[in-house]
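Below is one structure, written out as structure tokens, with a few remarks after it.
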2 protein chains.
Amino acid sequence: MDIEEVTKAFGALSQDTRLKVLSLLVETGTGGLPAGDISLALGVPQNTLSFHLSHLEHSGLINRRRAGRFIIYSANNEGMKNLLRYMVENCCDKAA
Amino acid sequence: MDIEEVTKAFGALSQDTRLKVLSLLVETGTGGLPAGDISLALGVPQNTLSFHLSHLEHSGLINRRRAGRFIIYSANNEGMKNLLRYMVENCCDKAA
DNA sequence: TCCATGTTTCTACGATAAATGAAACATGAT
DNA sequence: ATCATGTTTCATTTATCGTAGAAACATGGA
């Protein structure tokens, strides 16, 4: 994970709505949730939410798949593990 | 760590210069570095750097102490551990 | 006291991000 | 083909962030 990807991922997490989306998706698990349900759950308009979902996806923190008319979003565990790995390696005192 | 502190911390990490500052300070260890040395090491003007240092400090990721004319910055391990803890608890599939 | 050094604050401006109404697109049902 | 539903894209406005010159502040030494 290079520094550009890392800053992008942190940028994705640095906003209230997006952090809530991610928490919700992590909580929900592999099954994921359609955009509409997330919108409803968080009280964020669909178009606003769409913007944030796109942001999270481009940062590699969530995945999307289509199921009929619905687009299902779910947490991307790989992406988050990569970020955690970076933090442990670069942002923590190795001696501590 | 509440959601506001968390977004603030991620915001602090979501910028190239600040991430580099933190990496440098982590690498340097408890001894820390004066602002001028960081400025020199990263090639960032002192006033610009001062802005970012302030940002990092308010986010609880670094500490400052004065030593004579110098102001010494160092990584705040506690702050980073708190952030890591939050991530593991809220951003990772507990089942995985 | 006066000066040099290290650092921050003030100020201003260009760049980037957030929010949302309106329009468009995609899919499935009739 | 037509329509309803779920979702995104476009376009616009407003807010926030990043940068750096200039000025100010703090400390230590002569």
Side-chain angles (χ1 to χ4, degrees), chain A residues 3-25 28 31-76, chain B residues 3-25 28 31-76:
Chain A
I3 195 165
E4 204 180 324
E5 289 176 298
V6 173
T7 51
K8 209 156 105 179
F10 282 131
L13 294 171
S14 67
Q15 207 271 349
D16 195 66
T17 300
R18 287 195 293 268
L19 201 51
K20 284 178 185 158
V21 167
L22 190 59
S23 280
L24 179 61
L25 290 180
T28 301
L33 286 175
D37 286 12
I38 302 172
S39 167
L40 211 64
L42 302 181
V44 177
Q46 286 199 328
N47 51 1
T48 300
L49 182 69
S50 185
F51 167 81
H52 291 301
L53 286 170
S54 170
H55 201 318
L56 283 165
E57 196 203 356
H58 285 124
S59 307
L61 296 172
I62 65 175
N63 294 125
R64 50 179 285 171
R65 66 178 193 276
R66 183 177 274 277
R69 269 184 275 200
F70 300 82
I71 297 189
I72 312 287
Y73 287 90
S74 55
N76 178 350
Chain B
I3 194 166
E4 204 181 324
E5 291 175 297
V6 173
T7 53
K8 208 155 105 178
F10 282 131
L13 294 171
S14 68
Q15 209 271 346
D16 195 65
T17 301
R18 288 195 292 267
L19 201 51
K20 283 178 184 158
V21 167
L22 190 60
S23 281
L24 180 60
L25 290 179
T28 302
L33 286 175
D37 286 12
I38 302 172
S39 167
L40 212 64
L42 302 181
V44 177
Q46 287 199 327
N47 53 358
T48 299
L49 182 68
S50 184
F51 167 81
H52 291 301
L53 287 171
S54 169
H55 201 319
L56 283 166
E57 197 203 356
H58 285 122
S59 307
L61 296 172
I62 65 175
N63 294 126
R64 50 179 285 172
R65 65 177 194 278
R66 182 176 275 278
R69 270 184 274 200
F70 300 83
I71 296 189
I72 311 288
Y73 287 89
S74 56
N76 177 349

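Protein chains get the first letters and strands the later ones, always in sequence-line order, with residue 1 at the start of each.
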* Asked: How would you list, by chain and number, every residue that makes a side-chain contact (heavy atoms from CB on, under 4.5 Å) with A:Leu40, sequence neighbours excluded?
  -> none

* **Gap between atoms CG and P, on A:Leu53 and D:dT8 respectively (whole Å)** => 6 Å

* Structure fact -> Reading nucleotides 10-24 of chain D from 5' to 3' and marking B where a protein heavy atom lies under 4.0 Å of the base, S where only the sugar-phosphate is that close, and - otherwise, the string is --------SBBBB--

* **With sequence neighbours excluded, residues passing side-chain contact (heavy atoms from CB on, under 4.5 Å) with A:Arg69** => none

* Asked: Does any pair with a residue in residues 14-23 of chain B pass salt bridge (charged side-chain N to carboxylate O under 4.0 Å, His left out), and if so which ones, sequence neighbours excluded?
  -> B:Asp16-B:Lys20

* With A:Ser54 via side chain to side chain donor-acceptor pair (under 3.5 Å) - residues at least two apart -> A:His58

* To do: With sequence neighbours excluded, tell me which residues meet side-chain contact (heavy atoms from CB on, under 4.5 Å) with A:Thr17.
  => A:Gln15, A:Val21, A:Val44, A:His52

Which atoms of nucleotides 3-7 of chain D (N or O only) lie under 3.5 Å from a protein N or O atom, and what are those distances?
| from | atom 1 | to | atom 2 | distance (Å) |
| --- | --- | --- | --- | --- |
| D:dT5 | O4' | A:Arg69 | NH1 | 3.3 |
| D:dT7 | OP1 | A:Ala35 | N | 3.2 |
| D:dT7 | OP1 | A:Ile71 | N | 3.2 |
| D:dT7 | OP2 | A:Gly36 | N | 2.6 |

* **Donor-acceptor pair, side chain of A:Asn63 and main chain of A:Ser74, under 3.5 angstrom** => no

* Structure fact -> The ring pair (Phe, Tyr, Trp, His ring centres under 6.0 Å) partners of A:Phe10 (sequence neighbours excluded) come to B:Phe10

* To do: Could you list the residues that satisfy side-chain contact (heavy atoms from CB on, under 4.5 Å) with B:Asp37, not counting sequence neighbours?
  => B:Leu33, B:Pro34

* Distance in angstrom units between A:Asp16 CG and C:dA19 C1', rounded -> 14 Å

